[in-house]
Structures are given as structure tokens and as C-alpha cells.
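If you're wondering where the values come from, they're calculated on a predicted model, not measured in any experiment. Residue numbering restarts at 1 for every chain, and letters A, B, ... go by the order of the sequence lines.
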Amino acid sequence: MTTPSPPALEVRNISLAFKGVKAISDLSFEVAPREICALIGPNGAGKSSLLNILNGVYVPNSGEIIFEGEHFHRMQPLEAARRGIGRGFQNNALFSGMSVADNVIAGLSRHARATLLEEALLLPRARAETRRFRERAHEVLGLFNLEHHAETIVATLPYGVQKKVELARAIVAAPRLLLLDEPLAGMNAAEKQEIADIIATLNRELKLTIVLIEHDIGIVLKLAHHVVVLDYGRKLADGAPDGIRDNPEVIAAYLGGDKVEIAA
Amino acid sequence: MSEIELRLTGGIGEGVSTRKLTGIAVAALVVSLPFLATEYWINAIIVPFLILSLAGVGLNLLTGYAGQLSLGAGAFMMVGAYATFAFQLRLPELPLPFALIASGIVAGAVGFAFGFPSTRIKGFYLIVSTLAAQFFFEWLFLKFPWFYNGDPSATISLPAGLWAFGIDLNSPHGRYYLTLASVALLTWLSYNLVRSQTGRNWMAIRDMDTAAAVIGVPILRAKLQAFAVSSFILGIAGALWAFGYLGSASVQSFGLTRSYQILFIIIIGGMGTIRGAYLGAAFVSLLPLALDWLFQQLLGGHADAGLLQNIQKVIFGILILWFLIKEPEGLARLLRRQSGNFNTRRFPRLKIRRQT
Amino acid sequence: ADVTQYIPLPTYRVGAYASSGELWWAGERDYFRYINEVEGGIDGVKLNYEEFETEWSPDRTVEVYERVKAGKDGSPIAFFFTHGTPATYALLEKAAADKIPLIDPAGGRTESIDGRVFPYAFPLLFSYYSQASTGINYIASKVGGFEKLKGLKIATVYHDSAYGRATQPAVELLAKKYGFENIQIPVADPGNEQSPQWRQIHELKPDWVFLRTWGVSTVVGIKTAARFGFPADHIIGDVWAGSESDVIPAGKAAIGYSALAPYPGGADFEIHKRLKKFILDAGKSDLRDQKYFGAVNYNVGLVNAALAVEALRTGYKKFGARPLDGEEGRWAFEHLTIDENRLKEIGFVGLLQPIQITPLDHEGGGAARIQSWDGQKWVLQTDWIKADHEALRPLIEQQAAAYAKEHGITPRTPDTETN
Amino acid sequence: MTTRSTSAAPVADQGTLLEVSNIEVVYGGAILAVADVSLTIGNGEIVALLGANGAGKSTVLKAISGLASADRAKVRRGHIRLGGEDILGLAANKLAARGIVHVMEGRHVFPHLTVKENLLTGAFLHRPSRKELKRQLDDVYAWFPRLRDKQSTQAGLTSGGEQQMLAIGRAFLTQPRLVLLDEPSMGLAPRIVQEIFEIIVRLNREKGTAFLLAEQNAALSLAYARRAYVLDTGRVALEGPAADLAARDDLHRIYLGDGP
Amino acid sequence: MNMFLETLIGGLLAGTMYSLVAIGFVLIYKASGVFNYAQGSMLLFAALTFVSLTDQGVPVLVALVITIVVLALMAVGIERLILRPLVNRGPMTLFMATLGLAYIVEGTAQGLMGSQVKALDLGIEDLPIFLGDIMISQFDLTAAAVALILVVALSLLFNKTRLGVALRGVADDTSAALSIGIDINRIWQIVWTIAGLVGLVAGLLWGARQGVQFSLSLVVLKALPVLIIGGFTSITGAIIGGLVVGAAESLGETYIGPFLGGGITPWFAYALALAFLFIRPAGLFGEQKIERV
Ligand SMILES: Nc1ncnc2c1ncn2[C@@H]1O[C@H](COP(=O)(O)OP(=O)(O)OP(=O)(O)O)[C@@H](O)[C@H]1O
Ligand SMILES: Nc1ncnc2c1ncn2[C@@H]1O[C@H](COP(=O)(O)OP(=O)(O)OP(=O)(O)O)[C@@H](O)[C@H]1O
Ligand SMILES: [Mg+2]
Ligand SMILES: [Mg+2]
């Protein structure tokens, strides 16, 4: 699904090092609007770091990011959120002491307009906003069949459910670019399928551009329109899913040479 | 495709009407309290309890909700008290309620300023900022006579006593209602705030600030808001403590032990709950009295008084530990559990079924 | 049952000030017990005293006050010992409204000496201004007269608190009067590191140092002085820097250090003989360790208790031997007189100065002896040295008048009041 | 779907190593997570523990390893025996000394220690000599070369997969008799997952180490395990030889929701 | 200039007295992640035990041994009754628990041994010695030497021994430590005992300076800015922080104090610490908080 229109996101010559150790070296690739781009690669290849650069948690040593035509040398987390970049994390980064609904509503922060005083005094605008946010959150929770967990404190939920909550939080504010770090990890096959379906739906219906990291190659190949393979911070391969599985370099670095099928 | 079905065991939503009834009963009791309790109870127990609860609510916003550890509650209370004194002394036309609000704003501004380091410093290191506030204001309000109007003992007391719109509030009843009104109002505001988006922002920062930033929570603003609002409430609590309870105050009334006391209130009561502040305050105000009473009853005046005091102190320490061990989430949680409906039961859980 | 007079005692047996509190209340209780058990009470009225721990916190003292102000077991309270200047301040207006006298010997609010404005506050015995003045008078006697004060440098090293600063107006006044140079050096609480202060002393080379610290800041002050070579015998400690616990830990550095003693140390006074016989030897003392019998802080307790007992006695004479209420208590204190004769009768000669309190003068004494530390014990150097009341009185009246104005109080005119 | 069950036939000696009978586990005195679970692990056996999200797999492992108490959970009923001896209530570190090591879900490396120091903490248990220590470390580095590169990085800063390798390597260094592995494949690249399972099999063959694997990836763990238990809402719903279970597709349908 | 040097040197030396208190604190923080408010009370308790024994005529060495045994018992008790039941709880809870502990220790210490001030003479002559014109306190010099020895010994313990590595692991993640067989209980007992001993040393030196009594427990307030500047987790940081705070306080009181009316030491150190933290948010030597997403 390559379109002639300009890319939604372009990563240009990005390099990142920690205390002199290179995590990403001179990486460039493009993500077309409305495509699902999968980032795969061995552990420590720099995938999460790249997402962190894209929404401003890490500052690259060099290179630039072009998002919807605008150039950034560095992103600020808040700025990224404001521009519609949503994010799900590798280790669940939920607000563990809050309820599921509150977690999701927190994702709407940048749309909040009511002032502190209005909120404290329960003035109409604050009340309306609360109502709107709550409705929106329930809508999204509905998508994940999580309504009944709305008032549960997330820390007491099983890991798999937490993952879904996190996804819900990432999309509640209707982002234009969604960055997902291993959204399917720790789930069983059925759940993986369910989430994959949701991701596909989001991509299709909401016309969301998605960059995701995932190790379950079976699902990745079904879900993604475009795969970028990283190894030691370098781009190993970049292209349509079909070619990836048989790419010898990818097999050597990532998939493993054995014929054993890992995924169901 | 797949359908996810939820199975809920254990009732939620029972007893709403009983809760409403209890609420009304409590409200009635609270309003008519002065006519039921002795003057001693009002002056020496209920009024300070209410003020400590308010201070607990204030600190809870910052520490319990926004996760910013503060050992400077006393400092912000102090600012509130001294500001009220200054307003009443130098702007006598300003009615007391407005003076209180203005002092709260002054305290809030000070909290805002001392909150700035929180944008860089986290965790236990942050106590340096609030401790700096604590010691700085103790020094400031003692050093410069302007703050205490040159009084030789460096204490402050309201020149005209407590008056609001021509009503004399100096009697125990007057002070009770003044305190009650302020405390109830501010608690209500706090309650609204923590359930608003701002409150959610605070909790998000508390639970994981990097993630919060990434999903669009304005970290900087929310933290500073937490400092300001918390100090606003603490400031008013301080003013009430000075003039509604003690009658006059000096920096000692708001020393480090006060800060610890308030922190203690929210931890024992329950971090991140408004109710917890009240329960914690009740605990710290009543326990020493109860122990005192118990010892008087058990031993009369016959044992070595110094030893008894030390034993009391040990018992107090043991009780603190016992509570912490028994219920990490504080009295608020403990009580909820005792009141049934929370016993061994399964949490709502998922079951996945596949349609045939 | 006995007729009893209820006496609540806010105490501090634990916390930062416990070391003085423990002895203090031992003395106070021992004396009350002596009155009750040996003398059968005051004119037959037994004293019912009860302790309340406050850790010296004014807030908790206020709480105690609220708890006890209505009295107990049918006895009202005739007065309330605050046992702490901050507590006195916190209660000043409440007590005036409740008509309960606040008693705070050798502390309290200095201008409340003026009983016309402060009918219910009694900074008995030795106010802060008197403390300053007595110290200066002693220095004058050491240097050979008031004229010699001119040009001297007198430094006050003070605990940076309301207590520490309370003497400043008086010293300033006296500096003007006698022409000495007034140097004020603050020590921040708790004062366990004072090198900068004493290095300053070392540089400024004052002739005398008036040490107005308390708690550890006294010990550390004396030690640091020695380290910087400032002679201990040119340091005069204030009342609250003059007990054994202030000098023993300082070791050799404290030898020669002297202090104002409205409550002299020692166990050789007549009253000690009586107490030894009837209380200590009978195993009824509140002291845990008898070696502290006659310690300064123990004697503080004795003297304070005696003041209360004598005031009650005065009151019973007028109102009859029955529990007094606050208003009667005020009358009693305002007419308390303890002359040499009476001192002899109660066994306090040398330990307590002669006292005469009037509605115009709620202090009533204003003198102290000087004692100095010889490494083992306090040795009394002088008889009672009086403060310069004439010089101080106008300052006090002026401040009292300002207070009256600020609080809208019309001063009483006690002369016309019928007793 | 091709599965390989050939490599998964380690010969277990007779004798039971671990026996869990009828345990009930409650969190914080209030939340019932495991209602009634019994299972056994033979000496040198690889056993899989399956179940949907929240079925109680992790909780069972924590109950066995003694780490439940660190999460304010309590085993309220039942017994756990190691080699016939009751070990319920023993502290986790004592159990580690007896050979039970638990690789927890969510990695749990020591973030401020370097990768190497993390490994050392595992090796200290048996107080090896300096030379022995080095040999053991080299073993781990041979399994996970990535860790050698990262030796002196603080573990908290390494990538998710690196942390997972570290946690597993550290656990193996305690020279366990029984390893409780909670979601070992999570977040690992397919090649590494394969390698880990190869290592498991090797350790099992060479040293007779027994394994209890809690895995979401049923196909994978059934391929390597000898027997398996399936948990459903805190109870054992099914048990049997891994191969049999793998063959039953109603298992997938009912309890795991696996695709056909 | 001499005045300046003297002030500076005096301050530096005095600062090592603060370090002594801070070290005990660092130990505990490093090994159990507990912000130990009770360090001051433990210091009081240790010194009071020792002095009460010698006051009773117990020979110094015997008193020392008994005190050490008492401290070890206390450490075992703390581990059993507080740390063990509170394992894996948040840092705030543990902090509050140490507040409770402080009450217990203070109450016990004073209840058993009375609250009278006890003199303590360590036999260190406190007459100044002169380096040219500059006056230096012998006492402070001794204290500085003691602090230095402690720092070296404890740094070796932490960085060079197996126990040290294990200890740091325990503070990071108790569950993980347990899972691989680290006996956290024993480790805590050892660490709290060592912290008690460090407290004893600090308590004796401070006690010799100001008498052994309740206010000894307040010296922690001096140690806090030291810790903050040095970092909660660094022994070396504790000593350097102490030097910085000591020097700054001394110079500040002498050269800045007079412009502000004096008595600025209580907050000056904190203000300084704040400035330091702006530059390095985890103190000069402290470990940065690790948070990866
Ligand atoms: N620390 C905890 N506090 C409270 N409840 C918990 C805690 N840990 C787990 N639970 C609850 O116990 C039940 C079992 O959880 P457990 O983690 O054992 O499941 P699991 O089978 O390992 O699931 P997953 O596949 O998601 O890891 C769940 O309902 C969960 O909500
Ligand atoms: N904050 C940091 N400080 C130091 N090193 C870091 C930091 N973040 C990442 N690294 C290093 O950069 C490399 C890339 O890490 P990253 O988390 O991006 O890997 P990844 O591709 O996401 O791996 P995985 O699939 O295991 O999650 C790793 O070797 C890691 O150790
Ligand atoms: Mg990653
Ligand atoms: Mg699990």
C-alpha cells in the first residue's frame, strides 16, 4: 500500500549513542500515510529507542524527523502528543494506582480546556468536559470489550488486560500516528489475534498511520504493509512483508535458522 | 468472532440509599455538634482535628495525588498564618474570609515557587526543596520584625480577634463554625479537583511521569499546579491553626514536627484519598489523648511520670508500625474493608469464550 | 473527703527538653507532696496536682489548658502554670477572657509586669529585662562600678528565637545609659556548631559575653569559647543557661563560667533538710536519682511550687480555706508577699528572693544571685543583685500601653479597685 | 502448524521432585487468585503450565518459590513438598539455596547493578572459586553473547530482551534443580526464544534440571514439555502428557482460545 | 585572608562531623532503600547505652562490647519486626516506619537510661593547634580522620566484596534478590548493625562535643543536606557533601550572614543543596534514577 503522496513520517539519518555506545546508526526510512509499518529486529537492536526518539523521550545525536512535512531535530514529549503522536510502551507504563477509565481519560489531557478553578467549582464547562471525556473513554473501552473493567484499579489486572488498557489509552485522543512497542507480548494466540484485528481496524477505519514493534513474526507479516528490520542499530532490510521471511540476513540475525515454527 | 464476556461476583452499588441517609445524618450531627459537645471538646479536640484534616487534604493533593514528597507542610501553613496576620493588621478593611483567601493565594504562590525544583528533582531528593522552605521561613518570620509587627516575643495574634462581616467568631462556637465552613468548602473543592482532569494528571505523574509526558499530560504545569493548590489549602489551614485554634502563633507552631505530623496523617490515613486525611487526623489527635486517659485510669498518678511518658511514646511508635504493617494503604482502606463487601471475593475477571 | 485545690501541670518529661523537665517536676511535686503530707495541705486544703505531657510544645499546652480550665472534681483552677514562654504567649488572650492567671516564673511576656493592662499574666520573679539588667549590674560590680562600663564591649550570644531576643530592648537601653558597646550575635537552633560565632567573638574581642543560649547551644557555646581562647570567667550565662546540664558536658571548659541564679543550685538550704527528712528518706521523692537533689532545675521546681503555695495561702486568708477560682487566684497572686521572715519560716532563705507582687508589678522580685561553676558544683558568688527597675519600668509601661492600644484594652486603675 | 516433540523427551527418573497439593492463594487477604491447584513435577521433568490471562499461573509459581509473601499473597490452604519435605512457608532465599529458582514475569533485574554484577549475584549462592566463577559466567555469555557486549551497562538501561536474557542467565547461575520460568519467551526475538528452549532442553538433559514453564505460547511449551497442566480461573482444569494435550483442539478452544 | 582560611578549614573539618552522621544513613539507604529517619535516634541510643554503662563504672572496653551487642540485637529486632513484614512496600511507607521506630528507640532509650545530660570525655584534648596563624581544632581533626577511615572501609565493603554487590541488589529489587537466594534478612541485619556502629562512632564524637542527651538525635537535620549534596547512595558522596556543607555554612555565616542578620545556617545548607541538585538531580555521586520505557 504505497502511495505517491509524501510520507507521513520520515526518519532521516538518525543516530543515537549512550555514553559512546551506538544504539542507532545513521538510520533512515519512510512511513507512508495510513500504512502499518512494523519494526523488527533482534533484542537490543534499537527499536524501542527509535520510538523513544520519535516522541521525544530520547534526543538523537544527529539526524532529523520529518512528521507531516515538518522537520524536527528533536521532539519534546508534549509537543509530540500535541501533534498527534500516540504511544504504547514495551513494559506496561500504565498509571498503576488509577482505574482503567481514569487511565484512558488521562490520555485526553491535551484536549482539556477547563481551568483549575472551573474544575474545582464544578462549573458547567468542567462538567461538560468530564462528561465528554468519560463518554469518549467508554467508547474506546467498548472497542476492547473493557467496559466492565472501567472502575478497576489497573495494578490488580492481569498483564494481558493491562496491555489492552494501554492500547486504549494510546488511541483515545485520536492520534494521527500511533507508535506501539510490542503490543502483543505476553498474550495468548487468541488475544493476539484479537488485538491484531483491532489494530487493523484502527488503521483501516480511522486511517491511522501505525509504527509497531513486534516479535511474533507470523502476526507481523499478516498485519504490516511494510517492514523495517533493524540489527545493531542499522537497517538490515526495508520492504514489503513478503520478502522479509526469506531474507537470509533477517533469518540469520533475527528469525533463526532452524525450521521450528514458533508461532501458532 | 470472539466474544468477551465478563463475570462479576460480589455486589457493587448496593446500599446507595443507606449511604445517602448516613450522609444526611452525619451532616446534621456536624452542624449541631457545638450543642452536643462540651466546650473542651470543641476547643481542644474538634477544631484542631478539623484543621489538621484540612492540612492533610492539602498535603495529600501534593504528595498523595501528585506524588511529590513534601516535608514542608509546616512552612506553607506558616506562610498562610503570617500572611493572614499581615492582611488583618495592615488592611483591616479586608474582611476575614477574604483575608484568608488572599493568604491562601500568597501561600500558593510560595508553594509554586518552591515547587519549581520539582521539574528537575524527583523522589526523596525533592525533600530538599520543601525542607529549604521549612527552614527558610522559620528563619525569615523570626528575623524580620515586620512579619510579626515588632512584637517582642515574635508571636502573632489577630489585633481585633476573629470577626467576619460583623459577626463575632471568637467564641468556641464561632471558631467551630468558621473552621467547619472553611474546611468543608476546601474539602469539597479538593474533592472536585481530584476527580477532574487535573486530578488525573496529578495521579498520572505520580504513577509514571515519563509515560504521562508522552501521552500528553502537561507535566510541568500539573506539578506546579499541585504545589500551588496544595499550598493554598495548607496556607488557609495554617491561618486557621494560628487564629482559629491557638489564638496566637509563632514559627514554632509550624516547625518541622508539624510537617512530619501532617505527612504522618496522610500516610496513616491513606495516601491519595481525601477521606484518609480525616481518618489520619483523627488518629493523631485522638491517640495521644486516649493513651493519656488510659494511663491515668490504669495507674492514677502512682507511677514514675517520666517513665510513663516514655512508655507512651514507645506505644505510639508501635501503633504506627502496626498500622503500616497491617494496612499499607492506610486507615481509609482498612475501614472500607472492615465495613464488609470487600472480603474474600474474586475480582472481576475475564473469561474468553469462542462462539461455535 | 478532703477539700482539694486542683493544680494542672503541663510538663515536658520527654522530648528535646526532658533533661530539665524531669528535675523540674521532681522538685515541684516533691514540694507539693511535702505540703500535703507533712503540713497537711494549705490551711487544710490539699493540693490535687496532675501532670500533662506537652513536650514543651505550645500547641499541646493550649490543648491542656482547654482541657483543664474548667477545673476538676469540683475544684476550679486558680491559676495555670504555662512553664514556657511560647505557651504563655499563645494563651495570653484566652486566659484573660477566661479570667485565669497565667504563671510563668522567670519567663513570660515581659511587659505583662504591668498588671493594669495584663491582669491575668504573671512573669513572676525575674523577667527577661531584669535578667539583662542584673547581668549588666554584675559586670559593673566586677569591673569596679558603672562608670567603668563606658567603652566596654559586651557581646550577647543568643539563641536565635523569641526567647533569645527577649532581652534586646533592655540591653539596648542600658547600653545607651552606660555607654558600653552592644554586640549581638545569633546562634541558630539547635546550635550544635558555633565556630563561626566564636570566631567572630575572637575577632571582635569583647570584654564580656552574655550567653543567652539554651539546651545544647549552651554546652557547645562554652566549649567553642574555650577552643577560641575566650575565658570562661568572662562569660555570664542567663537563667536558662545556668544549670548542671549546661556545664557538666562541657567538662573543663566550663570551670569559672558563671550564671544568673534566681534559682540557686545546692542542697544546703533549710527546705532541703526538711525535704530530705520527710520526702527523700521516706522514699516518696519523684527523683529517680538522688544525686540530682539540689540541682538547679530541681530547685526551680521547688521555688515555683513555693510561689504557688504561698499565693494560695494568701488567697485562703482572704476568701477562706476553699478551692479558689481564677479571679480569686489573680487576687491572691497580686497580693503575694514573701518577706525575710516568711522565707525563714518556709525554709527558703537564700534560695528564693523576697517577693512583693502588686497589681502594678506582676514580677515582684527582679533579682538574682550569681553562681559559678567550679568543675563539680555551682558556687554562689553574690547575694541577690537587683535589676535596675527605674530604668526598665518606662520601657515596660510604654510597651504595655502599646499593647493596650492595639487590643483596645482600657488599663485598670488598681488603686481605686476595692480589694 | 508443525511442532517438534522429538527433542522433548528427556528421560525423567522416577521419584517426584515437587508436589503441590490443593493450594489456595489469596492476595492482600482479599483477592482469591488460586482456588485449588495440585500438580507434581518429577525429577528432571519439564512441565508446562498453561492458562489464559489471569488464570493464576504466575501466582502458582510464586507460591512454589516462596515469593508470594513478597507480594502480600498468602497460601491459605494446601501443601507444597520438595522431595517429600514440606517447604510451605520457607523463605524464598532458603528455597533458592535448595535449588528452586524463579524467573519472574517482568524480568526483575537489579537496575542499578551492571549486567555483570547482576550475573554475579546469581553465582554467589554457591560461593564458587574465582576460576569457577569465571567459567560459569563464560557459559552464560556463550548462551547469550549479547550480554557480554553489555557487561558493564547498568541493567536497568538495557533493552527489554536483554533484561529477559539476563534474568534467565542469572537464574541458571544459581545451579538450580528446579527452574520456574514465567513467560520466558516474552519480548524475545524468535531466534533467542528458540535458543532459550534449546538451552532448557540441554540443561535438562545434561544436568537433570527440572522446569516448570508458565507460557502463553501453548504450542511452543507443549512442544518442549513432557506433561502439562491447564489452569482456569485458579483451578486445574486439565492435565496430561504434553503431546496429548497438544493434540486436543478442544483444549485450545475452551481454555486457551488458541486458533485451530 | 587568614580569617578566611581559618573559617574555611574550620568549616571543612566541622563538615566531616556531619559526614559521620550521613554515612550511617547512606548505608541503610543503599542496602534497603529505606530513608532512615531513625538514624538520629539510633545514634542517641548507641551513645547513651555506652555512656550509661561507663557511668555505672563498667570498664570502657567492656562497655563498648556490650554496646555493640545491644546494637546488633537491635538490628535483628528491626529486621524481624519492621523490615521483614514491610518487605516490598513503597519507600514512603518505610520512611514512615522509621519515624515510628524513632519514637520507640527514643522512648526506650530515655525510659531506660533517663533523660539527664551525660558528659562524655573521649580524652581528646580540644585545645587548638596552630598552623602558622591558622587555628585548627584538634577535636575536629580527629573526627575527620575517623570519618575518613570509615569512608574508606565502607567503600571497600560496598564495591569490592560479594556482600557489597548483594547489598546493592537487595535495595534494587527485593523479590529478585530473594529469588536467587540472597538472604536479605541476614543482609539487613548486618547492614543495620553496621549502621548502628557508625551511629555509635558519630554519637560518641557528637556526644563529646555537646553532651549525651536527646538533642543528639537532632544532628540528622545537619546530615540531610550533606546527603542530598553527596547523593543518598554514595559513601564518598557523604564525605564530600559534608565538606561542602561544612565549608559553605562556615563561610556563609561569616561572610553572608551579617548582611541578613545572621543565624542563616539552618537554611543555607539546604539552599546550597538545592542549587547543587539543579545541576545534578541525584546529588554529586548519587545513582540516577533508572526508568526505561
Ligand atoms: N499483586 C497482586 N495483587 C492483587 N491481585 C493480583 C496480584 N497479582 C495477581 N493478582 C490477581 O490474581 C489473579 C491471577 O493472576 P496471575 O498473575 O497469577 O495470572 P497469570 O495466569 O500469570 O496471568 P498472565 O498470563 O496475565 O500473566 C488475577 O486475577 C490477578 O488480577
Ligand atoms: N537510556 C539508555 N541508556 C543506556 N543504554 C541504553 C538506553 N536505552 C537503550 N540503551 C541501549 O540501546 C540498545 C537498544 O535498546 P532498545 O531498547 O532500543 O532495544 P530494542 O530493539 O527495543 O530491544 P528489545 O527487542 O529487546 O526490546 C540496547 O543495547 C540498550 O542497552
Ligand atoms: Mg524494546
Ligand atoms: Mg503471569
Engineer: Rounded to the nearest 0.5 Å, what's the gap from CD on D:Gln216 to CD on A:Glu191? Could you check?
Structural biologist: 6.0 Å
Engineer: With a cut-off of 6.0 Å (strictly less than), are more than 12 heavy atoms of other residues, nucleotides or ligands near NZ of D:Lys150?
Structural biologist: yes
Engineer: I need the residue from A:Asn43, A:Leu184, A:Val21 with the largest number of non-hydrogen atom pairs under 4.5 Å to chain D.
Structural biologist: A:Asn43
Engineer: For each of A:Gly41, A:Ser49, A:Gly44, tally heavy-atom pairs with chain D at distances under 4.5 Å, and name the one with the top tally.
Structural biologist: A:Gly44
Engineer: If you count heavy-atom pairs within less than 4.5 Å of chain D, which of A:Ala23, A:Ala253, A:Gly46, A:Pro42 leads?
Structural biologist: A:Ala253
Engineer: Between NE2 of A:His215 and CZ of D:Arg191, what distance do you get to the nearest 0.5 Å?
Structural biologist: 12.5 Å
Engineer: Considering residues, nucleotides and ligands other than A:Lys235, do more than 12 of their heavy atoms fall under 6.0 Å from its NZ?
Structural biologist: yes
Engineer: Please flag which part of D:Glu183 lies under 4.5 Å from any non-hydrogen atom of chain A: side chain, backbone, both or neither.
Structural biologist: side chain
Engineer: Identify which part of D:Glu215 has an atom lying under 4.5 Å from any heavy atom of chain A, answering side chain, backbone, both or neither.
Structural biologist: neither
Engineer: What distance separates A:Lys163 NZ from D:Asn53 CG, expressed to the nearest 0.5 Å?
Structural biologist: 11.0 Å
Engineer: Within the side chain of A:Asn188, is there an N or O that forms a donor-acceptor pair under 3.5 Å with the backbone of D:Gly51?
Structural biologist: no
